[in-house]
Peer 1: 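Okay, here's the structure, questions in a sec.
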Amino acid sequence: MLDIKLIRERPDFVRQRLATRGAGEEQLIEGILLADDQRRKALAEVEILKATRNRVSKEIGALMGQKKFAEADAKKVETKDLGDQITALDQQAKTAEGARDGLMLRLPNLPHESVALGKGAADNPLVRRHGEKPDFAFQPKSHVELCESLKLVDFARGVKLSGSGFLLYTNWGAKLERALIQYMLDLHTREHGYTEVAPPLMVGPQCLEGVGQFPKFKDQYYGVAEGNDAAKLGQLYLIPTAETPVANIHREEILSEKQLPICYCAYTPCFRGEAGAAGVGTRGMIRVHQFDKVELIKIVKPEDGYAEQEKMLADAERVLQSLGLHYRVVELCTGDMGFASAKTYDIEVWAAGQGSYLEVSSVSNCEDFQSRRMNMRFKTEAGENKFPHILNGSGTALARLFVALVETYQQVDGSVLIPPALQPYLKTNQLVP
RNA sequence: GGAGAGAUGGCUGAGUGGUUUAAGGCACACGCCUGGAAAGCGUGCGUAGGUAACACUACCGUGAGUUCAAAUCUCACUCUCUCCGCCA
């Protein structure tokens, strides 16, 4: 949520920044200003009436105390119809506020001034590359072939159980998934200073609204119902990312400045409907309805937001570096950034069998966009309440990391070598057919 | 699923229709005192809207209602706790 004061005072600036996203949301500003104006006018009017009513009621109370009932009755007549006027104006203000806030929730964040202008992925500036694409003396296979021959994933039975877009990891495949999760959690908690949390996997809609997934993208998530009770549908949703519960941990709280920065790290499965998305319905692990992810969340003072984002990016890169994987970092341009973000870096890992880079991490500074929606604040030493910056980053997403790993480390005989850092976790140095 | 109790500021806790603007305590901040501290004393201390600053307005779990006036009365709902049942 943007600051209504900013929209009120600098509407053209806000329109201009929104326009750089290229989705037309700047057109909502006019309606917001109109509703805001209606709300303020109604409030100004009704507050005068309420002040009158409060004053007269107090006088009536005093007269009743002195048993001057006739005078009290006269006063009652004076304020008789105030109540109806107040009710009507309150209603007007409330309606206008609802209209204003409904539109405000659909406005994305303003891109940070440093973010490159652009329309889509093709305009994303390359920040850096790390390592080299591995050389193969043979034609590298796709992860689908490797997973089948090594019996790491049973694609057909995954589909049998839950439909397309669901994976059944088997034997060493399941162990590799678990080893990667544990490896990343240990790295971030032991070496990067994050505190591990294990949040609920189902959350109420207020959490999705808090991070900006609702109301605009409501059709992309799984709502659940208890039993067959249709009335309960939509009270809880399967989380699309650990960001949803973890960023909301301190919602509606006033933290103290001393607590910041707060750094959380969480492993969770992630559930995404991906309605209409390309890739679902085909075989493979690149785009699925359920995948595992280790997520990083930071709550920081505004002045530290961008420095902390660089650190978080480095923390995520460290996963790929320590596993010996080639990757590149790109900065998302204004047209390609997510709804809540002011600035985002993507990390894309090289998948030799695919012959392409796969997005395994997205590191965003949402500034105070989410903390405003959640009403999460911190009290400065000076006693002022401020909205903190909230950052999220994948550290990293599984499935695709799994893909990159097996495709990168495949051997001519069809086996897959395990990089040294992971060997203590998997307790083997090679997967063989 | 059944029965009972409860929901008031950062915490605790009083407040059963009006003269209170939610008492008191704890915690916290500043000052006095002190060699320094503790204790003591004094001052301040919820959130938001609004104003140049005051004024003013709203908020006592949520939503309706009664009334000139609601933390207080009425109705509905939500959540929490205790006990019972079921259960990994």
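Numbers restart at 1 for each chain; the letters A, B, ... are given by sequence-line order, proteins then strands.
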Peer 1: When the C1' atoms of B:A55 and B:A39 are considered, how many whole Å apart are they?
Peer 2: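 To the nearest whole Å, 41 Å.
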Peer 1: Between B:G49, B:G63, B:G18, spot the one nearest the side chain of A:Leu43, thanks.
Peer 2: B:G49
Peer 1: Rounding to the closest angstrom, what is the interatomic distance between B:A69 and B:U19 at atom P?
Peer 2: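 15 Å, rounded to whole Å.
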Peer 1: Using OP1 and OP2 only, check whether a side-chain N or O of A:Lys58 sits under 4.0 Å from B:C68.
Peer 2: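 For B:C68, OP1/OP2 do not have a side-chain N/O of A:Lys58 under 4.0 Å.
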Peer 1: Without swapping roles, check the side chain of A:Gln370 against the backbone of A:Val211 for a donor-acceptor pair under 3.5 Å.
Peer 2: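 It does hold such a pair.
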Peer 1: Quick one: which of B:G46, B:G18, B:U57 gets closest to the side chain of A:Met64?
Peer 2: B:G18
Peer 1: When you compare B:G15 with B:A7, how far apart are their P atoms, in angstrom units rounded to a whole number?
Peer 2: 11 Å
Peer 1: For A:Ser371, does its backbone N or O pair with a side-chain atom of A:Arg377 as donor and acceptor, under 3.5 Å?
Peer 2: no
Peer 1: Below 4.0 angstrom, N of the basic side chain to O of the carboxylate: do A:Asp90 and A:Lys50 qualify?
Peer 2: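 A salt bridge is present here (some side-chain N lies under 4.0 Å from a carboxylate O).
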Peer 1: For A:Ser57, answer base if it contacts any base atom (sugar-phosphate contacts may also be present), sugar-phosphate if it contacts only those atoms, and nothing otherwise; contact means non-hydrogen atoms under 4.0 Å.
Peer 2: base
Peer 1: Heavy atoms only: give me the nearest A:Val300-A:Leu391 pair and the separation to one decimal.
Peer 2: CG2-CD1, 3.8 Å
Peer 1: So that I can tick it off, tell me whether A:Glu71 and A:Lys75 are bridged by a salt bridge, with the cut-off set at under 4.0 angstrom between side-chain N and carboxylate O.
Peer 2: no
Peer 1: Please state how far atom CG in A:Asp90 lies from atom P in B:A64, giving the value in whole angstrom units.
Peer 2: 10 Å
Peer 1: Check this one for me: any side-chain N or O of A:Lys41 less than 4.0 Å away from OP1 or OP2 of B:G50?
Peer 2: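 For B:G50, OP1/OP2 do not have a side-chain N/O of A:Lys41 under 4.0 Å.
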Peer 1: Could you tell me whether A:Ala62 contacts a base, only the sugar-phosphate backbone, or nothing, with contacts defined as non-hydrogen atoms closer than 4.0 Å?
Peer 2: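 Here A:Ala62 touches no strand at all.
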Peer 1: Please compare A:Thr52 and A:Arg8 by the position of their nearest nucleotide in RNA chain B and report the one closer to 5'.
Peer 2: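 On the 5' side of the pair lies A:Arg8.
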Peer 1: Rounding to an integer number of Å, can you tell me how far A:Glu97 CD sits from B:A58 C1'?
Peer 2: 11 Å
Peer 1: Tell me the interatomic distance from A:Asp37, atom CG, to B:G50, atom P, rounded to whole angstroms.
Peer 2: 13 Å
Peer 1: Where the side chain of A:Lys94 is defined as all heavy atoms beyond and including C-beta, which of B:U57, B:C68, B:G63 is the nearest nucleotide?
Peer 2: B:G63
Peer 1: Let me spell it out: for each of A:Thr87 and A:Lys76, pick the nucleotide of RNA chain B with the closest heavy atom. Which residue's pick is nearer the 5' end?
Peer 2: A:Thr87
Peer 1: Can you check whether any acceptor in the base of B:G50 is under 3.5 Å from a donor in the side chain of A:Glu47, or vice versa?
Peer 2: no
Peer 1: Verify the contact: side-chain N or O of A:Arg40 to OP1 or OP2 of B:G50, cut-off strictly under 4.0 Å; return yes or no.
Peer 2: yes
Peer 1: When you measure from the side-chain N and O atoms of A:Asn385 to the phosphate of B:U47, is any distance below 4.0 Å, counting only OP1 and OP2?
Peer 2: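 Yes, within the criterion.
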Peer 1: Please name the nucleotide paired to B:G40 by Watson-Crick or G-U wobble geometry with both distances under 3.5 Å, or report none.
Peer 2: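 B:C32 - that is the nucleotide pairing with B:G40, both distances being under 3.5 Å.
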Peer 1: Round to the nearest Å and state the distance from A:Lys379 atom NZ to B:G44 atom C1'.
Peer 2: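 Spelled out: NZ on A:Lys379 to C1' on B:G44 is 13 Å.
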Peer 1: For A:Ile86 and B:U67, what is the distance between atoms CD1 and P respectively, to the nearest whole Å?
Peer 2: 14 Å
Peer 1: Roughly how many Å apart are B:G13 and B:G24, using the C1' atom of each and rounding to a whole number?
Peer 2: 8 Å
Peer 1: Do any side-chain nitrogens or oxygens of A:Arg39 fall under 4.0 Å of OP1 or OP2 in B:U57?
Peer 2: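 Checking A:Arg39 against B:U57: no side-chain N or O falls below 4.0 Å of OP1 or OP2.
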Peer 1: Hey, would you say the A:Tyr183 and A:Tyr425 ring centroids sit under 6.0 Å apart?
Peer 2: yes
Peer 1: Touch check for A:Asn54, heavy atoms < 4.0 angstrom, all strands: base, sugar-phosphate only, or nothing?
Peer 2: sugar-phosphate
Peer 1: Are the charged groups of A:Lys311 and A:Asp315 less than 4.0 angstrom apart, N to O?
Peer 2: no
Peer 1: Between A:Arg377 and B:A48, is there a side-chain N or O to OP1/OP2 distance below 4.0 Å?
Peer 2: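 Indeed, a polar side-chain atom of A:Arg377 lies that close.
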Peer 1: Considering only B:A69, B:G50, B:C56, which nucleotide approaches the side chain of A:Ala51 most closely?
Peer 2: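 Taking heavy atoms from C-beta onward, the closest nucleotide is B:C56.
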Peer 1: Tell me whether the side-chain N/O atoms of A:Arg53 come closer than 4.0 Å to OP1 or OP2 in B:A69.
Peer 2: yes
Peer 1: What's the gap between B:C60 and B:U12 when it is taken at their C1' atoms, as a whole Å value?
Peer 2: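 Their C1' atoms lie roughly 15 Å apart.
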Peer 1: Give one of base, sugar-phosphate or nothing for A:Arg372, where a contact means two heavy atoms less than 4.0 Å apart.
Peer 2: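 The residue A:Arg372 makes no contact with any strand.
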Peer 1: What's the CD1-P distance between A:Ile254 and B:C45, to the nearest Å?
Peer 2: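 It works out to 16 Å between those atoms.
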